[in-house]
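This structure is a prediction, so every number in the text was calculated from the model and none was measured. Just follow the structure's listing: the first ligand is 1, and inside any ligand the first atom is 1. Start at 1 with the first residue, then count along the sequence.
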Amino acid sequence: MTSTYAAITGWGKWMPPAVLTNEDLSTFLDTNDEWITTRTGMKERRVSHVSAMDMATAAARRALACAGVDAGDVDLIVYGSTSYEEQAPNSASGVQVLLGAKQAAAMDVNTACTSFLYGLSSATAMIRTGMVRNAVVIGVELVSRYMDWSNRNVAVLFGDGAAAVVLQATDREEGVVGSVLGCDAEGRATLRIRGFGCGYANQGVTYGDTLWDFDGPQIFKRAVRGMSEASAKVMAKCGVTSEQVDLCVPHQANLRIIEGVAKYAGVPMEKVMLTVQRYGNMSAATVPVALVEALEEGRIRPGATLLMPAFGAGLTFCSLVVKWGERVTPLGVLDDEFAPPVKTALEMVNEIRARQDPHHRSLAGLMAPVFAETRIG
Ligand code: ACO
């Protein structure tokens with residue numbers, strides 16, 4: 001009996017054109033290019049002028065064109081994100097409408113920055129068990145709208161972006177051939193966004209107007225450990241050695257984290273795809289955007305073996321081994337575009353800042369995280 005695999009046959013991204021530089025950030029935060037560059041590797045990030053669902057749909061349309069698959073033939077849409085515009089209905093259903101993918105089941109996956117890779121693993125499993133045949137998996141993030149722009153600890157780190165892949169059932173050994181998913185939940189209080197759930201009602205934070213609890217150094221250590229251990233496990237599981245990894249496409253939260261993970265995995269930095277300088281941390285969009293750009297730059301050869309480690313709030317972590325197929329060029333290309341932004345990235349951020357409630361900022365140091373001390377039993 002032949003096995004079914006889930007080949008990645010289409011890929012596409014949509015990146016907001018408006019660029020926010022380190023210099024822009026230093027116009028309203030006590031920060032500077034030197035600090036941001038040396039501590040994180042980041043130089044600039046993007047700010048979107050369109051909604052997350054629009055970004056996701058644009059990326060998905062490009063991925064479908066690349067695969068030569070009609071929207072009507074999609075069985076499943078997985079929308080990986082942390083920054084939902086609505087809780088109900090879900091966002092995948094919004095993309096289904098915009099794509100015209102009427103036959104598709106639609107589900108959201110939120111495991112923070114690992115959402116795309118958790119979604120890719122889930123959709124692969126659904127194809128491999130015969131539940132669906134064609135799937136679109138999206139990683140999208142619109143962080144700029146819910147960022148606490150008064151907090152330099154986090155405001156410099158994130159950016160907006162979207163990318164998607166198309167998966168199709170095949171009997172060739174392709175696509176995700178191994179994945180290790182996990183969660184270092186003891187560290188869940190190290191990154192918590194207050195104002196993003198009903199647990200924060202009546203706590204002085206308006207829903208959507210956020211305060212970030214963020215312990216960067218703790219996350220840093222746990223991220224390196226989680227991604228490194230998951231990579232070692234998945235490589236052992238798949239019988240893949242460091243030398244056999246053709247390209248590592250990691251989550252990009254900090255250049256120094258990536259260097260630590262690559263070193264542990266025994267993969268030299270020349271074999272690591274980097275976008276962190278140009279896009280910062282786009283949470284769920286980071287890995288798929290890096291994957292699409294690796295293909296655009298000709299860094300993925302037919303039959304290549306890829307390693308994809310990531311971590312996010314939770315603290316969720318994962319690492320996937322992907323075996324690429326024969327085709328590394330698109331079957332079709334869509335180049336339709338939204339109307340360009342009428343404001344610069346800095347002007348858009350200043351508008352968001354003007355709407356944020358300074359009263360909540362002053363509460364930042366006073367309010368204990370709501371659930372941190374909650375224990376059952
Ligand atoms: N500009 C200038 N100074 C800053 C800035 C800034 N933007 N942000 C923090 N600082 C200051 C702090 O106030 C602190 O000052 P103090 O020492 O006077 O108190 C000092 O810089 C902190 O320095 P370090 O502790 O040496 O900073 P570190 O090297 O740990 O780097 C960083 C901080 C970049 C946040 C790092 O810890 C990190 O990358 N952590 C993980 C990243 C992360 O968590 N990303 C999100 C993960 S989850 C996800 O991807 C959704």
Side-chain angles (χ1 to χ4, degrees), residues 20-45 80-84 109-119 139-144 146-161 182-185 187-194 196 210 212-228 230 249-261 274-277 279-290 308-319 349 364-365:
L20 188 72
T21 64
N22 291 349
E23 286 75 18
D24 289 333
L25 287 162
S26 63
T27 62
F28 61 89
L29 285 172
D30 180 14
T31 190
N32 55 71
D33 177 53
E34 203 263 333
W35 192 96
I36 302 171
T37 307
T38 53
R39 302 301 172 101
T40 72
M42 297 170 192
K43 283 293 200 187
E44 48 187 53
R45 67 287 297 143
S81 187
T82 324
S83 48
Y84 296 101
V109 170
N110 175 7
T111 56
C113 302
T114 57
S115 300
F116 171 77
L117 291 179
Y118 266 59
V140 55
E141 218 70 74
L142 186 54
V143 187
S144 58
Y146 68 93
M147 175 50 64
D148 176 356
W149 289 106
S150 69
N151 182 349
R152 70 175 182 176
N153 292 323
V154 287
V156 305
L157 300 177
F158 293 89
D160 301 336
C183 185
D184 175 13
R188 72 191 294 273
T190 59
L191 176 48
R192 164 171 276 138
I193 304 170
R194 298 190 234 171
F196 239 43
T210 63
W212 293 53
D213 296 322
F214 180 79
D215 183 346
Q218 263 301 320
I219 302 170
F220 191 111
K221 275 186 242 155
R222 288 171 180 267
V224 174
R225 190 177 65 208
M227 286 200 283
S228 297
V249 186
H251 181 51
Q252 322 249 335
N254 187 317
L255 180 59
R256 294 181 294 138
I257 293 178
I258 297 171
E259 286 167 348
V261 173
L274 292 176
T275 59
V276 67
Q277 308 90 322
Y279 300 145
N281 178 355
M282 298 176 287
S283 184
T286 303
V287 171
V289 167
M308 298 185 180
F311 77 100
L315 294 169
T316 60
F317 61 81
C318 62
S319 193
V349 167

- Plane angle bin for Tyr146 and Trp212 - parallel if under 30°, tilted between 30 and 60°, otherwise perpendicular: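 Ring orientation, 0 to 90° scale: parallel.
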- Criterion side chain to side chain contact (heavy atoms under 4.5 Å, CB included) against Asp160, the qualifying member of Val140, Leu20, Leu142: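 The option that passes is Leu142.
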- Under the side-chain hydrogen bond (donor to acceptor under 3.5 Å, both in side chains) criterion, do Thr21 and Glu44 qualify, and how do the steps go? CA-CA 4 Å; Thr21 64; Glu44 48 187 53; over 6 Å; no
- Query: Ignoring hydrogens and geometry, is there a side-chain-to-backbone donor-acceptor pair from Asp213 to Leu191 under 3.5 Å?
  - Reply: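 Checking the backbone N and O of Leu191 against the side chain of Asp213, no donor-acceptor pair under 3.5 Å is found.
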- Query: Can you tell me if Asn281 uses its side chain to pair, donor with acceptor, with the backbone of Thr286 under 3.5 Å?
  - Reply: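 Pair absent, no side-chain N/O of Asn281 close to backbone of Thr286.
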- Message: For ligand 1, give me the residues whose heavy-atom distance to it is below 4.0 Å, by chain and number please.
- Response: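 Under the 4.0 Å cut-off, ligand 1 touches Asp30, Thr31, Trp35, Arg39, Thr40, Cys113, Arg152, Asn153, Val156, Phe158, Leu191, Phe214, Gly216, Pro217, Ile219, Phe220, His251, Ala253, Asn254, Arg256, Ile257, Asn281, Phe311.
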- Message: Does this structure show an ion pair linking Asp33 with Lys43, if we count only N-O contacts that are shorter than 4.0 Å?
- Response: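 The answer is yes: the pair qualifies as a salt bridge.
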